[in-house]
Every structure is written in structure tokens, then in C-alpha cells.
Number of protein chains: 2
Amino acid sequence: MTNGGDPARTLALLWRDEAAIPRRGPRRGLSLDQVVDAAIAVADAEGLAVLSIRRVAQALDTSPMTLYTHVPGKAELLDLMIDSAYARMPRTGTAGRPWREKLTAVAADNRTLFRDHPWTIAVSTQRPALGPGALGKYEHELAALDGLGLTDVQMDDCLTYLLLFVHAAARTEHEARVVREATAMTDEQWWAAAGPVLGRLVDPDAFPLASRVGAAAGEAHGSAYEPEHVYEFGLGRVLDGVALVLPRHT
Amino acid sequence: MTNGGDPARTLALLWRDEAAIPRRGPRRGLSLDQVVDAAIAVADAEGLAVLSIRRVAQALDTSPMTLYTHVPGKAELLDLMIDSAYARMPRTGTAGRPWREKLTAVAADNRTLFRDHPWTIAVSTQRPALGPGALGKYEHELAALDGLGLTDVQMDDCLTYLLLFVHAAARTEHEARVVREATAMTDEQWWAAAGPVLGRLVDPDAFPLASRVGAAAGEAHGSAYEPEHVYEFGLGRVLDGVALVLPRHT
DNA sequence: GCCCTACTCTGTACACTGTACAACGTGAAC
DNA sequence: GTTCACGTTGTACAGTGTACAGAGTAGGGC
């Protein structure tokens, strides 16, 4: 999705490198920040699927091709959007608190990011666009793992693992909401439509465990996936897993 | 991505409901399985981004609109593709082995699925298309958690948690490969291009932890994300986390 | 054996995407 | 004052899912 072209060009944009801005020609009618902010506004309000160059240009009351003088392409625009979202996301201060609280706060901050800007869930973070936002985020999150007796590599491992979980949980939660809105059907309505047909087509005795456990899980949390429960259960297991890596298991 | 229209219609297709096949009209030149298999072949070979109704029709040497007599739309086609992949994925037998081995095998089988059919990573599994493949998969995976003293709800929780991790790990691994191929650049080449520019633009003292830990992690596993390491480390933590849920911690 | 009609197959059409390209006007540097 | 780098813009291309309408086919009822 992202990672468009020349890394050097993208970095110059991310860090607003003054050496890269041209000295000749007409004045620009728009600043880079205006373009990025408009793109974020569109993505927030209407989703990544609706985000298009034409749509952003429309929001800025200019022509689509004008944007290409500010940004090399859509991929780089996404890089800039992500870094801007990183720079503005919450960074809860937890200095002096127990490590479990610190990591819970890091997870919560990331969850807030994914909820406020669901489009961040879908863009790749491989070869991250290392802008000021991404670096500030990484620095802040590493602080939660500092001083626990972990090696540098272990700190990175644990953080990667934690964020992998939060990202995945946010993705399923977001998918659930998208499906609900796209089908204009709650899970209850969906099951009401699917259940009887399923009952007619499939023999429960052929899938005894699936029938029993599926029914129990469906009854426990409202019918299907309960994102809140997935997150709470998962985060608990993640922290338990990390605890065993710490020199003093606390 | 998936979850198109009428659940009843989709279920009838998934279970190949004979009551739903029409009795009148000309003979069809194609079977549903041919359509699904052709779509899977295209997605395997060329990726989900290239998978289009026109492309599948071309592979079957027919016209695009013909496919719509077999399948209501692209969403339902994806449901059918997924269920077919589920039905054919490996199900390693681990009866009588310790629970850790069982869950490791479940994770490995899913990882194999995601590697053999990377497009399965990107399609939503919310409100899963409950076809024979999905049910068989669920039944088999629950067996790995049976008899450990867990409640039904806990069995579902632990399985969901494990699969969430494998899915997320597979996603980052796949993204890394896509980025590498799309940019025609190895991570080393990318860093060689980005590193010096980054060094010129950013002051390491402003991000002390990030600089130190990032460098250590980059040096430990080749430059950036090492998917194999992420998987091994993560799976270990997942199993440690699950262990504490078991009545007898073993 | 015949007809009706449910069905399959297909070409065309619409609104949408990212962005290459070329033409035109602007304004800073020499 | 001239030059030419640069910003702005309209048009164009190849692609997407699928609605719709027309044409041809064959099973069920008589």
C-alpha cells in the first residue's frame, strides 16, 4: 500500500527538509501540511476505500493533478498521513509505575490511534516511513520497557510482539464494524438469517466440538466476536507471556 | 472484502445445496468448482490485487458476465475460495501428544495455509462463511484444546488468540515480501539509500532509546523485521500465556 | 410432439481509480 | 529584461464490479 518510490525523497518530505524546497517558479497555493491534513480528514470521515487523489483535491478545491506537485504519488501521501497520525497520537505518561501498567498504557494509546484513524490499520508498516512521528512513537514506547533488565534486542522483541497483538485486535474490531455497516445487519440479524439454513444443511453430529463450543462462545459474548473480550483476554495473555521474559518474574 | 449479500444464498452455495440448483434452462458449460478453482489459481499465481472477474473469466475462456450465473458477485466468490482453501489445508494429527505440541502444530498448519495462499491473509473472517471447510477446520483445531480442563468458552478464547497471532505474523511476513518485490529492493539496499539521508536529517540524541535499540535490533536480525524471529518469539509467548489459563500449569 | 418459460450466455454501459503527458502562465535569478 | 524552472491544469488510458437487455436453449406439462 505504501512505500512508493525513492526513500530519500520520502524522507525529505517527512522531515520537511528545507534544502529540498525549490527556489524558483510561482508561489504554491497550498502547503504540504494542508494536503496531508485534508487527506487525513477524508480518510477519517469516509474511509480509506474512498480516499482518492480526486477526492482530496476536491476537498481542497483544486484540481487532482495539482497534488502531484506537492507529493510524488499516493503511496508517499499515505506515508505522510501515517507519520502525522503517529505524531499526534496520545502518549500516556507512566514514569514510575509498574511495568504492567506501562505496557497496558502503550497498548491503550495504540488502540486509541486505531480507533480514531481506522485507516492506519490497513496501511503497511513494513519498512516504516521513519518520520518524526514514527521515531517519537518508538522512543516513547521503548521507555516503557527500559530499566527492566531486558537486552536491547529483547526490548524490541517485546514491543513488536505487543504492537502486533494490538494491531491484530484493532483490525478484527474494525472489520466487524465495517461488516455490520456494509450489510446493514447486526450479528443477531445475520444469525437469524443464517442459523436456520445452516441447521438444515449441516449435521451437528459431524462437528460435535464445533457445535458445542461455538454455541457456548456465541452465547457467552453476544452471538459472535466480542472485540472488547478479545482485547482484554489477549492483552492479559500477552503480558503474561512477556512477564516470563523478564529477569525477575513479577 | 467478503460477506456480500444474502447469507442463505451464500450458505446454499458453500454446502453445494442440491435443492438450490435449477432444473430448467440450458446446460451450464462450467461447474461451480471450476470457477472457484480457477479463481484460486489466479489469486495464488498473481495475487489478490490482480484477481478480477474479468481475469477469472479469461482463465476459463469465457465472458465475464457468465460468471455471474454461477456466483452472485465477487464477495461470494471470495467466500467460496476461502472455504475451499480451508477444506484443503493440512490438518496435522497430534492425538496423544502434549498440548504444547498440539497447539504448535495448529499454528504451523495455519501458517502453511497463509504461505500457500497469501490472499487468504487479506480477506475478512468476520462473520465467517460457515462452509464445510471452515467447520472442519474449527472442529480439528478445537480438538487440540480438548481434554485440558478448559471450559468451552476458554477453548474458544485460546484458539481465537492463537489464530489471531498466527494471522498477524503471517500478514507482516507477507507484507515484507510484497514490499521487497514491489520496490525491487532488499532491506539492505533500502537502508543503504535511506540511512545516510536519515543521518543528515535527524539528531540521534533527540531519540536516544530509539537509536540504540533500533540499531541493536537491526544488527541482530538482518536489518529490519525478521519474520521467522517474530514468529518464533511470538509463538513462545502465546503458548506461555495460554499455559497460565490451564488448570494444571504444565 | 409442442409450447411455454425459466434459465444461460453475452455485449454494452457507467462511474470510478492513479497518474503520464503536454500545454500554459508565473516569477525568481542572472 | 530575459530565461527557464516551476506550479497548475485538461485530457487520456487501462483498469475495476456489475446492472441491464437481448438472444439462444432445453426441461416440464399437455
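Since the model is a prediction, treat every value here as computed from it, not as a measurement. Here is how names work: the chains are called A, B, and so on, in the same order as the sequence lines, proteins then strands, and each is numbered from 1.
Interface residues of residues 19-26 of chain B facing DNA chain D, ordered by number: Arg23(B), Arg24(B), Gly25(B), Pro26(B); criterion, heavy-atom separation under 4.0 Å.
Residue pairs meeting the salt bridge (Lys or Arg N to Asp or Glu O under 4.0 Å) criterion with at least one member in residues 112-122 of chain B, sequence neighbours excluded: Arg115(B)-Glu173(B), Arg115(B)-Glu228(B). Applying the salt bridge (Lys or Arg N to Asp or Glu O under 4.0 Å) test to every pair with at least one member in residues 25-34 of chain A, sequence neighbours left out, gives these pairs: Arg16(A)-Asp33(A). Note on residues 194-204 of chain B: pairs passing side chain to side chain donor-acceptor pair (under 3.5 Å), not counting sequence neighbours, are Asp17(A)-Arg200(B).
Asp157(B) pairs by the side chain to side chain donor-acceptor pair (under 3.5 Å) definition with His229(A), not counting sequence neighbours. Residues meeting the side chain to side chain donor-acceptor pair (under 3.5 Å) test with Arg180(B), sequence neighbours left out: none. Legend: residues meeting side chain to side chain donor-acceptor pair (under 3.5 Å) with Asn110(A), ordered by chain and number and at least two apart, are Lys137(A), Glu141(A). Evaluation of the side chain to side chain donor-acceptor pair (under 3.5 Å) rule for Tyr231(A) yields no partner, not counting sequence neighbours.
Taking for each of Arg27(A) and Gly73(B) the nucleotide of DNA chain D with the nearest heavy atom, the 5'-most of the two is the partner of Arg27(A).
For DNA chain C, the outermost nucleotides in 5' to 3' order that have an atom under 4.0 Å from a heavy atom of chain B are dT5(C) to dA13(C).
A perpendicular orientation is assigned to the rings of Tyr161(B) and Phe165(A), their planes being inclined by more than 60° (bins at 30° and 60°).
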Scan the side chains in residues 36-44 of chain A for donor-acceptor partners under 3.5 Å anywhere in the protein, sequence neighbours excluded, and list what turns up.
{"unit_1": "Asp37(A)", "atom_1": "OD1", "unit_2": "Arg88(A)", "atom_2": "NH2", "d": "2.9"}
{"unit_1": "Asp44(A)", "atom_1": "OD1", "unit_2": "His117(A)", "atom_2": "ND1", "d": "2.7"}
{"unit_1": "Asp44(A)", "atom_1": "OD1", "unit_2": "Trp119(A)", "atom_2": "NE1", "d": "2.6"}
{"unit_1": "Asp44(A)", "atom_1": "OD2", "unit_2": "His117(A)", "atom_2": "ND1", "d": "3.0"}

What side-chain donor-acceptor pairs closer than 3.5 Å can you find for residues 58-65 of chain A, not counting sequence neighbours?
{"unit_1": "Gln58(A)", "atom_1": "OE1", "unit_2": "Arg55(A)", "atom_2": "NH1", "d": "3.2"}
{"unit_1": "Thr62(A)", "atom_1": "OG1", "unit_2": "Thr66(A)", "atom_2": "OG1", "d": "3.3"}
{"unit_1": "Ser63(A)", "atom_1": "OG", "unit_2": "Thr66(A)", "atom_2": "OG1", "d": "3.0"}

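Between Leu60(A) atom CG and dG7(D) atom P the separation is 16 Å, expressed in whole Å. Rounded to a whole Å, the CG atom of Leu32(A) is 12 Å from the P atom of dG7(D).
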Restricting to nitrogen or oxygen on both sides, can you table the protein-nucleotides 9-15 of chain D pairs closer than 3.5 Å?
{"unit_1": "dT9(D)", "atom_1": "OP2", "unit_2": "Thr62(A)", "atom_2": "OG1", "d": "3.0"}
{"unit_1": "dT9(D)", "atom_1": "OP2", "unit_2": "Thr66(A)", "atom_2": "OG1", "d": "2.7"}

